[in-house]
Amino acid sequence: MLQIHSIRIAAVAALGVLLVLWGGAWAQQEPKAGASAFEVRVLEAQVPPEQGERYEVLYRMEVISVLRSTSGVKPGETIVVRSYASSQENPNSGDAGPKAPALLAQGWMGIAYLNPDPKASGPDARQQFIIAANGDSFEDIPQGPPSLRWTE
């Protein structure tokens with residue numbers, strides 16, 4: 001009887017571990033899945049002159065194409081993205097949270113995963129965003145022209 005009870009406990013424990021691992025993997029993918037996705041070009045990066053270990057960065061970006069969004073932003077429009085970065089000396093100094101995204105240079109082109117900025121107000125609020133997937137909010141565009149999809 002004791003042996004059957006031990007097998008049940010081990011099976012429940014193994015199931016619990018699998019659920020925790022599956023939930024962790026799902027949580028890492030979820031920020032990108034629910035976010036707006038744009039192909040963008042960085043027009044300007046506003047970095048504060050005095051930077052602490054972690055600081056806010058404002059990007060002005062031109063939308064090249066809209067991959068997924070309900071915001072009403074169209075290709076050719078300019079959006080403002082509020083992000084953050086870490087100092088070069090201590091990129092992960094004491095941060096318990098997610099890693100900071102890399103600082104993007106003017107002219108950078110890629111895919112941005114964004115959420116509407118909760119602090120945005122006024123007529124331009126639909127064009128103001130924050131990063132959605134923390135350190136994974138910006139991805140380089142794969143080789144080839146933007147938005148090019150090959151079909152066979």
Side-chain angles (χ1 to χ4, degrees), residues 13-152:
L15 180 61
V17 168
L18 288 174
L19 286 174
V20 168
L21 291 174
W22 178 75
W26 180 258
Q28 289 176 352
Q29 293 175 356
E30 190 174 336
K32 285 184 181 180
S36 294
F38 302 101
E39 289 179 325
V40 296
R41 177 183 305 125
V42 174
L43 301 174
E44 178 184 15
Q46 296 177 0
V47 181
E50 293 185 24
Q51 304 168 359
E53 288 183 12
R54 196 171 204 153
Y55 53 92
E56 190 170 278
V57 179
L58 281 179
Y59 293 108
R60 270 191 42 238
M61 297 180 170
E62 175 189 2
V63 176
I64 298 168
S65 69
V66 178
L67 303 175
R68 173 181 65 230
S69 179
T70 58
S71 66
V73 172
K74 298 192 180 351
E77 291 187 327
T78 301
I79 61 173
V80 176
V81 177
R82 190 164 45 95
S83 181
Y84 58 89
S86 291
S87 66
Q88 295 294 338
E89 297 85 35
N90 299 320
N92 292 318
S93 60
D95 290 341
K99 68 177 181 159
L103 188 61
L104 303 176
Q106 183 176 350
W108 177 86
M109 290 178 59
I111 299 172
Y113 296 93
L114 308 171
N115 286 329
D117 190 341
K119 295 181 181 178
S121 62
D124 295 334
R126 72 177 187 86
Q127 296 172 317
Q128 297 178 19
F129 295 90
I130 59 172
I131 59 175
N134 301 316
D136 294 327
S137 292
F138 304 117
E139 293 180 354
D140 291 330
I141 293 178
Q143 290 290 7
S147 301
L148 183 63
R149 303 211 191 276
W150 295 98
T151 58
E152 294 182 18

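Computation of the quantities below employed the complete heavy-atom set of this structure, encompassing side-chain atoms and omitting hydrogens, waters and symmetry-equivalent molecules. Position 1 is the first residue of the sequence, and the numbers go up from there.
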Participant: State, with a plain yes or no, whether a side-chain heavy atom of V40 is found less than 4.5 Å away from one of L114.
Facilitator: no
Participant: Compare every heavy atom of D136 with every heavy atom of Y113, then report the nearest pair and how far apart it is.
Facilitator: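 So the minimum-distance heavy-atom pair works out to CD1-O, 4.0 Å.
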Participant: Could you give the distance from CG (L104) to OH (Y59), rounded to the nearest 0.5 Å?
Facilitator: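 These two atoms lie 4.0 Å from each other.
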Participant: To the nearest 0.5 Å, what is the distance between CZ on R41 and CD on Q106?
Facilitator: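 Taking CZ in R41 and CD in Q106, the distance rounds to 11.0 Å.
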Participant: To the closest 0.5 Å, what do you measure between CD1 (I111) and CD1 (I64)?
Facilitator: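 Answer rounded to 0.5 Å: 10.0 Å.
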Participant: Does the S137 side chain pair with the main chain of A112, one donor and one acceptor, at a distance under 3.5 Å?
Facilitator: no
Participant: Please find the pair of heavy atoms, one from I131 and one from P101, that lie closest to each other, and give the distance.
Facilitator: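 Heavy atoms of I131 and P101 come nearest at CD1-CG, 3.8 Å.
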Participant: Look up atom CD in E62 and atom CZ in F38, then write down how far apart they are to the nearest 0.5 Å.
Facilitator: 13.0 Å
Participant: Please find the pair of heavy atoms, one from V47 and one from V57, that lie closest to each other, and give the distance.
Facilitator: CG2-CG1, 4.3 Å
Participant: Identify the heavy atoms of P116 and I130 that sit nearest to each other, and give their distance.
Facilitator: O-CG1, 4.0 Å
Participant: What heavy-atom pair brings G72 and S69 nearest, and what distance separates the two atoms?
Facilitator: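 Nearest heavy atoms, G72 then S69: N-OG, 4.5 Å.
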Participant: Nearest heavy-atom pair of D117 and R82: which atoms, and what distance?
Facilitator: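 What the structure gives for the nearest pair is OD1-NH2, 2.6 Å.
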Participant: In sequence, state the C-alpha distance, the side-chain angles, and the governing distance for Y55 and L103, and then conclude on side-chain contact (heavy atoms from CB on, under 4.5 Å).
Facilitator: CA-CA 11 Å; Y55 53 92; L103 188 61; 4.2 Å; yes
Participant: May I have the step-by-step check of side-chain contact (heavy atoms from CB on, under 4.5 Å) for Q127 and T78, ending in yes or no?
Facilitator: CA-CA 7 Å; Q127 296 172 317; T78 301; over 6 Å; no
Participant: How many angstroms lie between atom CE of M61 and atom CD of E44, to the nearest 0.5 angstrom?
Facilitator: 11.5 Å
Participant: Nearest 0.5 angstrom please: F138 CZ to W108 CH2, how far?
Facilitator: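 If we round to the nearest 0.5 Å, F138:CZ and W108:CH2 are 6.5 Å apart.
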